[in-house]
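Positions are given from 1 along the sequence. Since this is a predicted model, take the numbers as computed values, not measurements.
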Amino acid sequence: MDKNLKQGLKQGLADACGFVLGALAGWELGRALGFDFIGSTEWQLPQLLGLGFILGGCGVGRWAARALLAQLDGLNRK
């Protein structure tokens, strides 16, 4: 397999896992703090804050997954 293709597939998988796991973590954190976006039909401030937790979780999850991937690639090169 081509080196660039393999790296792209690893980055894509890391992004996908980071987004999903981060969104789930953000949703759970929002629910624990009383800001449930998923379980409500309203569009008030608590629900929007819950959505913010989910979106923030997506970003943090992607960042963490990419950082972990870079760390693992650094270990493999040694």
Side-chain angles (χ1 to χ4, degrees):
M1 184 180 303
D2 184 33
K3 181 180 165 183
N4 291 333
L5 177 63
K6 187 175 180 179
Q7 184 65 21
L9 288 173
K10 286 194 309 189
Q11 287 177 350
L13 184 60
D15 285 351
C17 291
F19 275 126
V20 171
L21 294 176
L24 289 174
W27 175 44
E28 286 299 321
L29 180 61
R31 281 185 52 205
L33 296 174
F35 305 115
D36 190 10
F37 174 74
I38 303 293
S40 178
T41 59
E42 299 178 8
W43 282 92
Q44 302 298 323
L45 183 61
Q47 289 77 24
L48 294 177
L49 288 173
L51 178 60
F53 276 105
I54 293 171
L55 294 175
C58 286
V60 170
R62 180 190 179 271
W63 172 79
R66 281 285 182 110
L68 180 63
L69 182 64
Q71 202 171 40
L72 291 174
D73 282 345
L75 289 175
N76 289 337
R77 289 183 184 154
K78 289 183 179 179

Could you tell me the separation between the NZ atom of Lys10 and the CG atom of Asp15, rounded to the nearest 0.5 Å? 13.0 Å
Single-linkage hydrophobic cluster Leu55~Val20, side-chain heavy atoms < 4.5 angstrom: yes
Donor-acceptor under 3.5 Å (Gln7 side chain, Asn4 main chain): no
Rounded distance (nearest 0.5 Å) linking atom CG of Asp73 with atom CG of Leu68: 9.5 Å
Does the ring of Trp63 carry Arg66 above it, NZ/CZ under 6.0 angstrom from centre and within 45° of its axis? no
Please report the closest heavy-atom contact between Cys58 and Ala23, naming both atoms and the distance. SG-CB, 3.6 Å
Atom pair CD/CG of Glu42 and Leu48 - distance to nearest 0.5 Å: 11.0 Å
Are Leu24 and Ile54 grouped together when hydrophobic residues (ILVMFWY) are joined by side-chain heavy atoms under 4.5 angstrom apart? yes
In this structure, would Leu51 and Trp27 fall into the same cluster of hydrophobic residues linked by side-chain contacts under 4.5 Å? yes
Go through the steps to decide whether Leu49 and Leu33 satisfy the test side-chain contact (heavy atoms from CB on, under 4.5 Å), and finish with yes or no. CA-CA 10 Å; Leu49 288 173; Leu33 296 174; over 6 Å; no
Is the distance between the ring centroids of Trp43 and Phe37 under 6.0 Å? yes
